[in-house]
Number of protein chains: 2
Amino acid sequence: MDRTDVSLIALRRILRATELYGRRLAKEAGMTAVQFRVMQIIAETGHATPTAIANRMGVTQATMTSLIDKLVAKDMVERKRSEKDRRQTNVTITPLGLTTIDEAPDPLQQRYVKKFEAMQDWEQAMIVAALERVAAMLDADEIDASPVLDIGDIGKAH
Amino acid sequence: MDRTDVSLIALRRILRATELYGRRLAKEAGMTAVQFRVMQIIAETGHATPTAIANRMGVTQATMTSLIDKLVAKDMVERKRSEKDRRQTNVTITPLGLTTIDEAPDPLQQRYVKKFEAMQDWEQAMIVAALERVAAMLDADEIDASPVLDIGDIGKAH
DNA sequence: TCATTTTGCTTAGCCTGTTGAAATATCTTC
DNA sequence: GAAGATATTTCAACAGGCTAAGCAAAATGA
């Protein structure tokens, strides 16, 4: 087995771990990974418009509407008409939504961040360099204005 | 922005490239990424049982039944009752299915493999080491006998 | 000013993937 | 051969995704 195979296998493990994380999250947080991702994005600043979220996640507005519908039904977020531009809807997170995502298990990220930060400086540097190299190899010529979608998002650090 | 963030962002790019690849594949090969993954598994040996495929992909038998239904409708695979154990169904790939996956575009892997193999020895070694390190960080204590699922599977090399 | 275009969002209808529960058919075993 | 285990399928229900169409509110421009 050559290095190419080994590297592909490692990539596969990374993808799979992410997928499994998404499923676990779905069960433990009482919502699906996609819904959780929407919550995370809204929680970053406390509010966001459907279009903005849709763009970041790489889905259409229509899809976002139905996702928000479900989160509203769960009392996790609220819709509020914008004052400035009354075409816009502002989706804000509710107190319940906030505690839910704060308390949500985030095993993948926690695990990764903790271990990453425990590494020595040179090793961190090496990993960052390698990951960026791989990312560049994979998403090259795909840099268009397309959205920042990611499956079960590994999330923002810290 | 510290190194942890940078590394998470790179990971996110990797995941996203994989996701986008799955979507492109779906359009160009005339089937979805999930269906394609089923085809790949069957093609490994030319045949497989629904349960075996379901296990490898981490879905239930019921799901596999409906996936196979669709592939049968597309004339990509066939169901054949096993002779030995007539409870079992053997899913075999058709000639059409075989040519379809042989000719399927595999831009992600091609791109990756080509670039990887063009790298210098020391760089390949560095990337393999880094990817394995990251994979270990992510899928630690998750090594159980669970299935070999991966989204839009990066695929087997060569 | 006001008609036209653009923008932001929702509705409606349709697909795929997924599951759990129940039904069917076929071994296996005592 | 009856009871239990195993392999699949069927069915009903949902989540997520899309497109097309519609509506309401800005923005534009003649």
Side-chain angles (χ1 to χ4, degrees), chain A residues 19-20 22-27 29-39 47-74 76-92 146-147 149-153, chain B residues 19-20 22-27 29-39 47-74 76-91 147 149-153:
Chain A
E19 162 76 11
L20 292 177
R23 296 196 183 182
R24 183 194 303 180
L25 178 70
K27 303 223 164 170
M31 69 180 79
T32 68
V34 173
Q35 289 169 8
F36 189 81
R37 175 77 180 124
V38 174
M39 295 289 289
H47 60 90
T49 66
T51 300
I53 308 169
N55 285 340
R56 280 190 56 177
M57 292 183 58
V59 298
T60 62
Q61 283 182 342
T63 301
M64 196 46 57
T65 295
S66 83
L67 289 175
I68 293 171
D69 283 347
K70 281 163 195 159
L71 291 173
V72 167
K74 287 192 217 287
M76 293 291 178
V77 302
E78 282 175 345
R79 280 191 175 96
K80 284 177 186 158
R81 257 294 194 309
S82 165
E83 291 305 316
K84 312 158 205 166
D85 184 338
R86 299 174 52 74
R87 287 170 305 185
Q88 287 187 48
T89 298
N90 228 291
V91 183
T92 62
S146 56
L149 169 69
D150 37 83
I151 314 133
D153 188 28
Chain B
E19 163 75 11
L20 291 177
R23 295 195 186 181
R24 183 194 303 181
L25 179 70
K27 303 222 165 174
M31 68 180 78
T32 68
V34 174
Q35 288 170 10
F36 189 81
R37 177 81 179 116
V38 173
M39 294 289 289
H47 60 91
T49 66
T51 300
I53 308 170
N55 286 340
R56 280 192 56 176
M57 291 183 59
V59 299
T60 63
Q61 283 183 340
T63 302
M64 196 47 56
T65 295
S66 83
L67 289 175
I68 293 170
D69 282 347
K70 282 162 195 159
L71 290 174
V72 167
K74 288 191 217 285
M76 294 290 178
V77 302
E78 282 175 345
R79 281 191 173 97
K80 285 176 186 157
R81 257 298 193 308
S82 165
E83 291 305 315
K84 311 157 203 167
D85 185 338
R86 299 175 50 74
R87 289 170 303 184
Q88 286 186 47
T89 298
N90 227 290
V91 183
L149 170 69
D150 37 83
I151 313 133
D153 186 27

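Computed from a predicted model, the values in this text were never measured in an experiment. Sequence lines set the chain letters: A, B, ... in the order given, protein chains first and strands last, and positions in each chain run from 1.
- Going from atom CZ of Arg37(B) over to atom P of dT16(C) covers 21 Å, rounded to whole Å.
- Separating the CG atom of Asn90(A) from the P atom of dC9(C) is a distance of 9 Å, rounded to the nearest angstrom.
- With rounding to the nearest 0.5 Å, the separation of OG1 in Thr89(B) from CD in Glu78(B) is 13.0 Å.
- Here dC9(C) presents its P atom at 14 Å from CG of Leu67(A), a figure rounded to the nearest Å.
- Qualifying salt bridge (Lys or Arg N to Asp or Glu O under 4.0 Å) partners for Lys74(B), counting only residues two or more places apart in sequence or in other chains: none.
- Taking side-chain N and O atoms only, Arg81(B) has no distance below 4.0 Å to OP1 or OP2 of dA7(D).
- Among the protein residues, Thr89(A) comes within range of the sugar-phosphate backbone only, with heavy atoms under 4.0 Å from sugar or phosphate atoms but none that close to a base.
- For the helix from dT1(C)-dA30(D) to dC30(C)-dG1(D), the end axes, each set by the C1' atoms of five terminal pairs, are bent relative to each other by 10° (nearest 10°).
- Computed from coordinates, the Asp69(A) CG to dG17(D) C1' distance equals 14 Å when rounded to whole Å.
- Looking only at side-chain heavy atoms (C-beta outward), Gln35(A) and Val38(A) stay at 4.5 Å or farther from each other.
- When the nucleotides dT16(C), dC18(D), dT9(D) are ranked by their closest atom to the side chain of Thr65(B), dT9(D) comes out on top.
- Using a 4.0 Å heavy-atom distance criterion, Thr51(B) is classed as a sugar-phosphate-only contact.
- Shown here are the side chain to side chain donor-acceptor pair (under 3.5 Å) partners of Thr63(B), two or more places apart in sequence or in another chain: Thr60(B).
- We find that CD of Gln61(A) is positioned 11 Å from P of dT7(C), with the value rounded to whole Å.
- When rounded to the nearest whole Å, the span between CZ of Arg79(B) and P of dA25(C) equals 16 Å.
- Within the structure, salt bridge (Lys or Arg N to Asp or Glu O under 4.0 Å) pairs that include any residue of residues 60-70 of chain A comprise Asp69(A)-Arg79(A) (at least two apart or interchain).
- Between dT18(C) and Thr60(B), no contact under 4.0 Å exists linking OP1 or OP2 to a side-chain N or O.
- Residues satisfying the side-chain contact (heavy atoms from CB on, under 4.5 Å) criterion with Thr51(A), sequence neighbours excluded, are Thr49(A), Asn55(A), Gln61(A).
- In this structure, Thr63(A) reaches the dC18(D) phosphate: one of its side-chain N or O atoms is under 4.0 Å from OP1 or OP2.
- Residue Met64(B) is the one, among Lys70(A) and Met64(B), whose nearest nucleotide of DNA chain D lies closer to the 5' end (criterion: closest heavy atom).
- Partners of Ser82(B) by side chain to side chain donor-acceptor pair (under 3.5 Å), not counting sequence neighbours: none found.
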Could you run down the sub-3.5 Å N/O contacts of the protein with nucleotides 27-30 of chain C?
from    : atom 1 : to       : atom 2 : distance (Å)
dC27(C) : OP1    : Asp85(B) : OD1    : 3.3
dC27(C) : OP1    : Arg86(B) : N      : 2.9

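- Residues satisfying the side chain to side chain donor-acceptor pair (under 3.5 Å) criterion with Arg86(B), sequence neighbours excluded, are absent altogether.
- Each of Gln88(A) and Ser66(A) has a nearest nucleotide on DNA chain C; the 5'-most of these lies closest to Gln88(A).
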